[in-house]
Amino acid sequence: MKEYRDKPTEFHAPSEAEIKARSKRNVAIAIGLAAFMIFVFVTMIARGG
């Protein structure tokens, strides 16, 4: 089955600002995920103990 759209041949090289924004976003997601995991862990310990 052939795909209806063409495959991209040119790719946009990210600028320095885009790379910095992506890095900040990744750090924010990692901190949020870690905080959620700690919250779930503390909740489980408090209810189980």
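Not measured: the values here are computed from a predicted model. Hydrogens, waters and symmetry mates are skipped; everything else that's a heavy atom, side chains included, is used. Just so you know, residue 1 is the first one in the sequence shown, and it goes up from there.
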Side chain of Thr43, backbone of Phe39: donor and acceptor closer than 3.5 Å?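 A pair under 3.5 Å: yes.
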
Verdict with supporting geometry, Lys20 and Ser23, side chain to side chain contact (heavy atoms under 4.5 Å, CB included): CA-CA 5 Å; Lys20 285 182 182 180; Ser23 178; 5.6 Å; no

Are Phe41 and Leu33 in one and the same hydrophobic cluster, where Ile, Leu, Val, Met, Phe, Trp and Tyr link if side-chain heavy atoms are under 4.5 Å apart?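 Different clusters.
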
Nearest heavy-atom neighbours spanning Arg22 and Pro14: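 In this case the closest contact between Arg22 and Pro14 is NH2-CB, 4.2 Å.
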
